[in-house]
Protein chains: 2
Amino acid sequence: MNTGNNSSDAEGMKIPLQANPPVAKVCPHNVNISCASCRLNELCLPIALSKSEVHQLDEIVERNRPYKKGDHLYRQSDEFKSVYAVRSGSFKSYVLSDNGQGRVTGFFLPGEIIGMDGISSKKYANSTSALEHSSICEIPFVQLERLSHQLPNLQHHFFAIMGNEIAKDQQIHTLLSSYTAEERTASFLLGLSSRYARVSLSPTRFLLPMTRSDIGEYLGLTVETMSRIFTALQRKGLIAVNNREVELLDIEALRAIVTAS
Amino acid sequence: MNTGNNSSDAEGMKIPLQANPPVAKVCPHNVNISCASCRLNELCLPIALSKSEVHQLDEIVERNRPYKKGDHLYRQSDEFKSVYAVRSGSFKSYVLSDNGQGRVTGFFLPGEIIGMDGISSKKYANSTSALEHSSICEIPFVQLERLSHQLPNLQHHFFAIMGNEIAKDQQIHTLLSSYTAEERTASFLLGLSSRYARVSLSPTRFLLPMTRSDIGEYLGLTVETMSRIFTALQRKGLIAVNNREVELLDIEALRAIVTAS
DNA sequence: TGTCCTTATTGATATAGATTAAGTTTACTT
DNA sequence: AAGTAAACTTAATCTATATCAATAAGGACA
């Protein structure tokens, strides 16, 4: 309780109330959906599992109540217990530097897995919080390991998920160590685009769930630079931005910017 | 053939010759050492395995002939087949940007695992080459998976190794996105220091196996800046550098530089 | 509906590190 | 041992992005 000044603490007092009832936003935040019937089962953990295997996975997955904007999944140096799959909404991971200001280390969209940085040290290396009203599947890691041992497909797939995370992190390493502000931004937007495409959302029009400041921290740039680059890309006719709404007008040109470096 | 101007290509022509016979440099590069008797078995894959389990691991490990400086373990977009454990010497991973210049994505010292970035896409995402005369244990991934399925300890440990890689990559993300040149350099030296300590080498005096340029590419800085920072740290009395030889004179002060940010 | 607070934009200026340019030292090669 | 190439250092200058400063526009809440 001492760590927290987040809204979930307040919420903690009315545990059984299922929080905001007016979340009748249809299915996306629905708590009682099984892996088998989840629309993300083609990209989340169930991929490559048979029907009966998915059923076994289902049994260890905990479907918590939805998270409100700013609620924390876990905090830096909390004991590692679970990995999480985003069902709907989005999250950011960040660390706080000693001088107090945060640095965003990742964004997570539906179907993506959160928390693997805690596996080896048994403590989470960052804090992660919801960027908007979101829902999550929690997968206790001990049980995931046990089940992976029984299901070679699951073991194989989880190795692949982790390997993918490693490959992605290395791309970001390259991005941060040698790309200009404009190249980083273009690459970031294209990355979001294909991640939205994966979940059958428009790859050319989407809402940014995070602030300019979040993006800046992630890309190693200041908010002011982010803002300037966004307007510059807009002037060039490559994107249209209106507050959190982004439209990619010329994907090829954006790609050319990234490839140039 | 068009990509290559490295010594391993030349070597490729005399395949069966076992390369340099005068490698009688005693044990470190000795090819015929088992996991059970390897001095790295406390930090490499065998950790946490029982005697008989180590024996099973032994059977799938391929101990290739030593690699000469510049020889490649694999190249970017080669088919992923194995992960590699460094037995002696050191390696660097790098990607080439379209304009031709490389960007180093990692350095690997004895006991560390190379190649996990290829697991998900089935292709290596980078090239990796030896920085000096080095030896390697190759672990065919299909067999590692099969054995992990049989040995829960091994599965657990490999998850941990991958999780550790992810956590490390995120630290570098933070480093690159918000640290100054001096902070990055101090952090890099301290990192090397503790990695050498892990393999029972001096944490305060060591030889850098890589060039200034390699370090610069890794830290997102130019060679010139690297050189300047090294001399600056030396003037301040925090380190002593003589070509590739480094001595850390004031670890606490180096830590203070890193923590400041 | 208005007030407050957070987020975003834009401009002016400062600066860390890149770039350019030599020059020097180290280390291969023959 | 000499000759050449690679690696490293140092200095002068330039530039991309940070910093500082001010304003504007949303969005949450009373």
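Lettering follows sequence order; numbering is per chain, from 1.
Residue Lys92(A) is tested with Phe108(A), Phe107(A), Tyr218(A) for a side chain to side chain contact (heavy atoms under 4.5 Å, CB included); the sole match is Phe107(A).
The pair Arg244(B)-Glu132(B) does not count as a salt bridge, with every side-chain nitrogen at least 4.0 angstrom from each carboxylate oxygen.
We find that CG of Leu219(B) is positioned 11 Å from P of dA18(C), with the value rounded to whole Å. Separating the CG atom of Leu207(A) from the P atom of dA8(C) is a distance of 13 Å, rounded to the nearest angstrom. Counting to the nearest Å, the P atom of dC8(D) and the CD atom of Gln234(B) are 14 Å from each other. Separating the NZ atom of Lys69(A) from the C1' atom of dC5(C) is a distance of 13 Å, rounded to the nearest angstrom. Distance CZ (Arg212(A)) to C1' (dA25(D)): 12 Å, rounded to an integer number of Å. One interatomic measurement links the two molecules: CD of Glu183(A) to P of dA18(C), which rounds to 15 Å at whole-angstrom precision. Atoms OH (Tyr179(B)) and P (dG17(C)) sit 14 Å apart, rounded to a whole Å. Rounded to an integer number of Å, the gap from Met226(B) CE to dT19(C) C1' is 17 Å.
Residue Phe230(B) is the one, among Phe230(B) and Ile229(A), whose nearest nucleotide of DNA chain D lies closer to the 5' end (criterion: closest heavy atom). If you find the closest nucleotide of DNA chain D to Asp214(B) and to Ala181(A), the one lying nearer the 5' end belongs to Asp214(B).
Gly220(B) comes within 4.0 angstrom of sugar-phosphate atoms only, judged by non-hydrogen atoms across all strands, and of no base. Counting non-hydrogen atoms under 4.0 angstrom, Thr211(B) reaches the backbone sugars and phosphates but no base.
For the pair Thr231(A) and dT10(C), the criterion of a side-chain N or O lying under 4.0 Å from OP1 or OP2 is met. For Thr225(B) and dA18(C), the shortest distance from a side-chain N or O to OP1 or OP2 is below 4.0 Å. For Thr222(A), no side-chain nitrogen or oxygen approaches OP1 or OP2 of dT17(D) to under 4.0 Å. When the side-chain nitrogen and oxygen atoms of Asn243(A) are compared with OP1 and OP2 of dG27(D), one or more of them lie within a distance under 4.0 Å. Dashed line: the shortest gap from a side-chain N or O of Arg228(B) to OP1 or OP2 of dT10(D) is not under 4.0 Å. An OP1 or OP2 oxygen of dT26(C) is reached within less than 4.0 angstrom by no side-chain nitrogen or oxygen of Arg244(B).
Ring geometry for His72(B) versus Tyr94(B): interplanar angle over 60°, hence perpendicular rather than tilted (30 to 60°).
Nearest nucleotide to the Thr180(B) side chain, out of dT19(C), dC28(C), dG17(C): dG17(C).
By the 4.5 Å heavy-atom criterion applied to side chains, Leu219(B) and Met226(B) are counted as neighbours.
No hydrogens or angles were tested; on distance alone, a donor-acceptor pair under 3.5 Å links the side chain of Glu224(A) to the base of dC20(D).
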Next item on the list: Give the C-alpha distance, both sets of side-chain angles, the deciding distance and a yes or no for side chain to side chain donor-acceptor pair (under 3.5 Å) between Tyr74(B) and Asn126(B).
Entry: CA-CA 8 Å; Tyr74(B) 54 78; Asn126(B) 51 238; 3.2 Å; yes
